[in-house]
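To start, the structure itself, in structure tokens.
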Amino acid sequence: MSFKQKLNKELIPSHIAIIMDGNGRWAAKHGNARIFGHEHGVESVRSVVEGAGEVGVKYLTLYAFSTENWARPKEEVNALMALLIHAIEEETEKLNKNNVRLGVIGDTNQLPTEVREKLFRCIDNLSPNTGLTLTLALSYSSKWEIIEAIKNLAEDVKEGNIQPKNINKELFDNYLSTRDMPDPELLIRTSGEYRISNFLLWQIAYSELCFVEKLWPDFRKEDLFEAIYEFQGRERRFGKTSEQIEAN
Ligand code: FPP
């Protein structure tokens, strides 16, 4: 039986976040330049988006480019930006057919104008869709996002719109770029690295973490189903005891 068939349809995580890692190592393994790995990574993105839609995941958030990635060699950054433009142009129609909505989180002002314009046009075109929401984290880092949230919250306190005593976690959630989605129940990282790398630090407080050995360009929807299957076998206690969870 495949992992897809083994899944409990009642327990599909509504939000899955993925740290797509290992493109560079995959390219080196194949004797090629790093961008070759990124190019093949797009096929994995395609497969995972399809798979997520097939099993009814509502939100899929992919870490495509971090704030820290700007420090990579200019050549790789430029090639990644060109790849993004190409992927947006190539995939919009298919995403639309699959009823996928697109979103972005991150400091998009840092993106080259062409990437920004194409990205926001694509987001606009797909906005009437009602299926999976695919969010790309681009020029994103969690500490950047939290600082932005604090700045905006401080402004609202200064203006007298919010009393400091009323600040709680639900209110803070509303200042984050993920305000319209639930927190991820499952976070996957590929390539055998055991790090979070400044991704959704606030939102993953109670996420299940799944570290996969495969490099991102080798990851396919079957691997996503396997990770969801593993997730379904976990006991999520949210700080309570096993006995309390069983009694519920
Ligand atoms: C991490 O691997 C991957 C990236 C920094 C880029 C991810 C981009 C893609 C998968 C392609 C474009 C994405 C979309 C959404 C169309 P790495 O380069 O850090 O690999 P390494 O750790 O082996 O060096």
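Residues: numbered from 1 along the sequence shown. All values reported here derive from a predicted model rather than from experimental measurement. Start at 1 and go down the list; that is how both ligands and their atoms are numbered.
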Pull out every atom of ligand 1 sitting under 4.0 Å from any heavy atom of Arg72, numbered as shown with elements.
-> 5 (C), 17 (P), 18 (O), 19 (O)
Considering distance alone, does some N or O of Arg34 sit under 3.5 Å from an N or O of ligand 1?
-> yes
Does the distance from a Lys or Arg side-chain N to an Asp or Glu carboxylate O, for Lys151 and Glu155, drop under 4.0 Å?
-> no
Distance-only N or O hit between ligand 1 and Arg25, under 3.5 Å | yes
For Trp216, the ligand 1 atoms whose distance to one of its heavy atoms is below 4.0 Å = 10 (C)
Contacts of His86 meeting side-chain contact (heavy atoms from CB on, under 4.5 Å) (sequence neighbours excluded), chain-then-number -> Glu90
Output the list of atoms in ligand 1 that are nearer than 4.0 Å to some heavy atom of Met20, sorted by atom number.
-> 1 (C), 2 (O), 3 (C), 10 (C)
Pull out every atom of ligand 1 sitting under 4.0 Å from any heavy atom of Ala87, numbered as shown with elements.
-> 16 (C)
Salt bridge present between Arg234 and Glu230 (N-O < 4.0 angstrom) | yes
Side chain, backbone, both or neither: which part of Leu62 comes within less than 4.0 Å of ligand 1 when only heavy atoms are counted?
-> neither
Select one of side chain, backbone, both or neither to describe which atoms of Leu215 lie under 4.0 Å from any atom of ligand 1, heavy atoms only.
-> neither
Sub-4.0 Å heavy-atom contact, Ala64 with ligand 1 = yes
Could I get the full list of ring pair (Phe, Tyr, Trp, His ring centres under 6.0 Å) partners for Phe3, not counting sequence neighbours?
-> Tyr229
Please determine if Trp26 has a nitrogen or oxygen closer than 3.5 Å to a nitrogen or oxygen of ligand 1.
-> no
Does the distance from a Lys or Arg side-chain N to an Asp or Glu carboxylate O, for Glu222 and Arg220, drop under 4.0 Å?
-> no
For atom 11 (C) of ligand 1, find the nearest protein heavy atom and state the residue, atom name and distance (0.1 Å precision).
-> His38 O, 3.7 Å
Interfacing atoms of ligand 1 (cut-off 4.0 Å, heavy-atom, Asn69) | 5 (C)
Salt bridge between Lys214 and Glu226, side-chain N to carboxylate O under 4.0 Å?
-> no
